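Side chains are part of it too, since the values below use all heavy atoms of this structure and drop only hydrogens, waters and symmetry mates. Note that the coordinates shown come from a computational prediction; the quantities given were computed from them, not determined experimentally.
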Amino acid sequence: MMLRTVASTTTTTAALLLLLGGGGAPVAFAHEQTTVAIAGSGTTNPSKCYWLIMEQIMDRLLIPTRLTYRAVGSSTGQTEFMGSPELEFRSPANDFGSGDIPLTTTDYNELKEAGIDFVHLPVVLGAISLFHSVPGVPDGDLGLNLTACDVAKIFKREVTTWDDDILLENNPGLKGLLPSTNFPIKVAHRRLGSSSTASVTKYLREGCPGEWPEALVGKVIEWPADTLECEGSGGMTNCIRDNEGTIGYIDAGHGHSENLVEIELKNADGNFLSSKKAAANGGIGAAANVVANKSPDSDFGSVDLLNAAGEFTWPIVAMSYVYVRKDLSYLETPAEQGLLIAFLEALFNPAYINQCTSLFGFTPVPNNIRTDISLAGIAMLEKNTTAAPIFTFENETTPIGGQGAYVISEKRRSYAEYERSTLTKSVGSVQETLLDAGASLQDVVEMVEDLQQELEIAQSQVVDLTSQVNALKGGSSGSGSGESFVEVTSNFGSKEETQLKAALAMSAVSLILIVIGGIIMFSKNSGGGGTQDTAKGSFQNGQMESA
């Protein structure tokens, strides 16, 4: 049984049952219900994807639910999934784990020897890519080209300047783009055990064995002392962005969403390409076929998606798995068993998982993997068949039945979720307007920075207003001097917090719409002209990037 740190709450309402047409099964509309909670942990790479789907499930269920996921890295997720060896792995620290690498054969055998069966569920594929922050050096065909041996020498600190002759061999124009001669290279790496580190170091070993020894392959390795330690994908983003001349690795979707500049890598067929070009030509999804003949409860320890052949194949492909114990009795209640299965099913429901392609750049596993491994693995899970509720999904309106307590209905939404989806569509329309008008990337970046400043001012005003309200109520008073936005809001009750969040959300939406209007006006007044091709290069797959 997993030890939980969040107390459950109980919502008491009248029990109401409605029989469907003469002796049909009863549908529970509302009843006394303890909050149903599940909690996972693991890789940071698809964390936004998991959070999005979890939030939608919570919004779309009638009963109170709580789904959480800690983005702590694959290594920690695997450790928490296995649990303590002193307790013979009987008690996992999470309800499910997730990682961009499978459990090792050693870990698999330890669990099997302890009598614990589990499944690997392949969810999405993503490219692990290298990004840099060298001023004046773009991405694309005019950007940096690196081989596995180049990267190995940089990471080992044998090559320490961007105009080293070794790098100029595949980048003849690089020297003229650099801010100065002998411009230094800084190397960023993940601080804790990371599947990204494991994938990149294994890629270097396979791609350049003469430069990268076996001792430097793994989730945790010994890095040179003058390299930068970065925690999580967010920390890696900051390391690259905040330190000019830095090279680091991160999942490509995250890097693109943060507008980092990607490095083109040489693949096994000898072609330099970006992860976006690879994805557009099927060079990522095809890598999943290496597991096509595996059973979901078998040993995945030898699975390798790196340096595969193919004209457009990306050399560092990672597959994100969810790990689940087959016997779900470790969950506290049958309802939690049902909710976990519902979440897992959503990960393979195109209506949910395809969002992670458009928003975060991930590639869902091919249909044969989805059916023969992932869904087959979910079918292997052993729940309390007499007590565990069956959660269902309502896509099209189902009168009466759609109001059931365990129906995850697309028709049941929160206003905040509705506003987010509306805003996403609006941004897409604005991007098309920008393409037509030929606005430059720099103009858009400046407008976004202005928006961030306006939002900070709005938060400051909320702090001042809160202090005034507290003074009138006889609560904690003062002018708000010295108190941060977080410190002030931490004293709110749930109703006050909800009201404040709604006000801030509407303020943020209003500010964004103002900026969107400004962009449109700018676009109309700019008259198109010679920047149109540049602008078209600035937007790909719904994400903005340097041309």
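Remark: the backbone N or O of K277 is paired with a side-chain donor or acceptor of N281 at under 3.5 angstrom. Between the side chain of R205 and the backbone N or O of W212, at least one donor-acceptor pair lies under 3.5 Å. In this structure, D269 contributes its side chain and N271 its backbone to no donor-acceptor pair below 3.5 Å. A donor-acceptor contact shorter than 3.5 Å is absent between the side chain of D251 and the backbone of I128. Of the possible polar contacts, one joining the T201 side chain to the G218 backbone as a donor-acceptor pair under 3.5 Å is found. Of the possible polar contacts, one joining the S133 side chain to the I240 backbone as a donor-acceptor pair under 3.5 Å is found. No donor-acceptor pair under 3.5 Å is formed between the side chain of N243 and the backbone N or O of T246. Judged by distance alone, with hydrogens and angles left aside, the side-chain atoms of S41 form no donor-acceptor pair with the main-chain N or O of R70 at under 3.5 Å. Here the side chain of S98 pairs a donor or acceptor atom with the backbone of Y321 at under 3.5 angstrom. For S194 (side chain) and K219 (main-chain N/O), no donor-acceptor pair under 3.5 Å exists by modelled atom type.
Note that the CG atom of L359 and the OG atom of S257 stand 10.5 Å from one another [nearest 0.5 Å]. Atom CE in M319 sits 12.5 Å away from atom CD1 in I101 (nearest 0.5 Å). If you take CG on L228 and SG on C239, they are separated by 5.5 Å, rounding to the nearest 0.5 Å. Here L144 contributes atom CG and D139 contributes atom CG; the two are 10.0 Å apart, rounded to the nearest 0.5 Å. To the nearest 0.5 angstrom, L306 atom CG is 10.0 Å from Y203 atom OH. From L340, atom CG reaches atom CD of E345 across 10.0 Å, with rounding to the nearest 0.5 Å.
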**Report entry** Test log, rule side-chain contact (heavy atoms from CB on, under 4.5 Å), inputs L67 and E55
**Finding:** CA-CA 7 Å; L67 294 86; E55 187 173 80; over 6 Å; no
Report task. Show your working on side-chain hydrogen bond (donor to acceptor under 3.5 Å, both in side chains) between Y249 and S199 and close with a plain yes or no. Result -> CA-CA 10 Å; Y249 53 90; S199 295; over 6 Å; no
Report task. Tell me, with the steps shown, if D304 and K202 meet side-chain contact (heavy atoms from CB on, under 4.5 Å). Result -> CA-CA 9 Å; D304 184 359; K202 190 173 183 181; 3.7 Å; yes
Report task. For the pair Q355 and L52, evaluate side-chain contact (heavy atoms from CB on, under 4.5 Å) and give the outcome as yes or no after the intermediate values. Result -> CA-CA 9 Å; Q355 300 172 102; L52 173 64; 3.9 Å; yes
Query raised in the report: Are V220 and T197 close enough, and set up right, to give a side-chain contact (heavy atoms from CB on, under 4.5 Å), and what steps lead you there?
Result: CA-CA 7 Å; V220 180; T197 303; over 6 Å; no
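Judged by distance alone, the side chains of D100 and S320 do bring a donor and an acceptor atom under 3.5 Å apart. A donor-acceptor contact closer than 3.5 angstrom is absent between the side chains of E258 and T237. Between T147 and D150, the side chains place a donor N or O and an acceptor N or O closer than 3.5 Å (distance only, hydrogens not considered).
Residues C149 and G207 approach most closely at SG-O, 4.5 Å, considering heavy atoms. The two residues G285 and T363 have their closest heavy-atom pair at CA-CG2, 4.1 Å. Nearest heavy-atom pair across I284 and S275 is CD1-O, 4.0 Å. The shortest non-hydrogen separation linking F272 to L146 is CE2-O, 3.5 Å. Summarising the geometry of F312 relative to L273, their closest heavy-atom pair is O-CD1, 3.5 Å, with the distance given to 0.1 Å. Considering every non-hydrogen atom in both S233 and T44, the closest pair reads OG-OG1, 2.7 Å.
Looking at T227 and H189, their side chains come closer than 4.5 Å, going by heavy atoms from C-beta outward. The shortest side-chain heavy-atom distance between H254 and N45 does not fall under the 4.5 Å cut-off. Proximity of P46 to V123: side-chain heavy atoms (C-beta onward) are nowhere separated by under 4.5 Å. With contacts defined as side-chain heavy-atom distances shorter than 4.5 Å, the pair L130/E262 does not qualify. You'll find the side chain of Y69 reaches within 4.5 Å of the side chain of S47, heavy atoms only. Side-chain contact between P350 and R370 is present, with at least one heavy-atom pair separated by less than 4.5 Å. Looking only at side-chain heavy atoms (C-beta outward), P364 and L125 stay at 4.5 Å or farther from each other. Looking at I263 and L265, their side chains come closer than 4.5 Å, going by heavy atoms from C-beta outward.
Considering Y323, F81, F343 as possible partners of F96, the one that fulfils the ring pair (Phe, Tyr, Trp, His ring centres under 6.0 Å) test is F343.
Between H256 and F131, the ring-plane angle classifies as perpendicular under the 30° and 60° cut-offs.
The 12-atom threshold is not exceeded at CG of D141, counting heavy atoms of other residues, nucleotides or ligands nearer than 6.0 Å.
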Review item, side-chain donor-acceptor pairs of residues 166-186, under 3.5 Å, at least two apart:
unit_1: N171; atom_1: OD1; unit_2: N145; atom_2: N; d: 2.7
unit_1: N171; atom_1: ND2; unit_2: N145; atom_2: O; d: 2.8
unit_1: N171; atom_1: ND2; unit_2: L167; atom_2: O; d: 2.8

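Classification of R190 and E231 as a salt-bridged pair fails, no side-chain N sitting under 4.0 Å from a carboxylate O.
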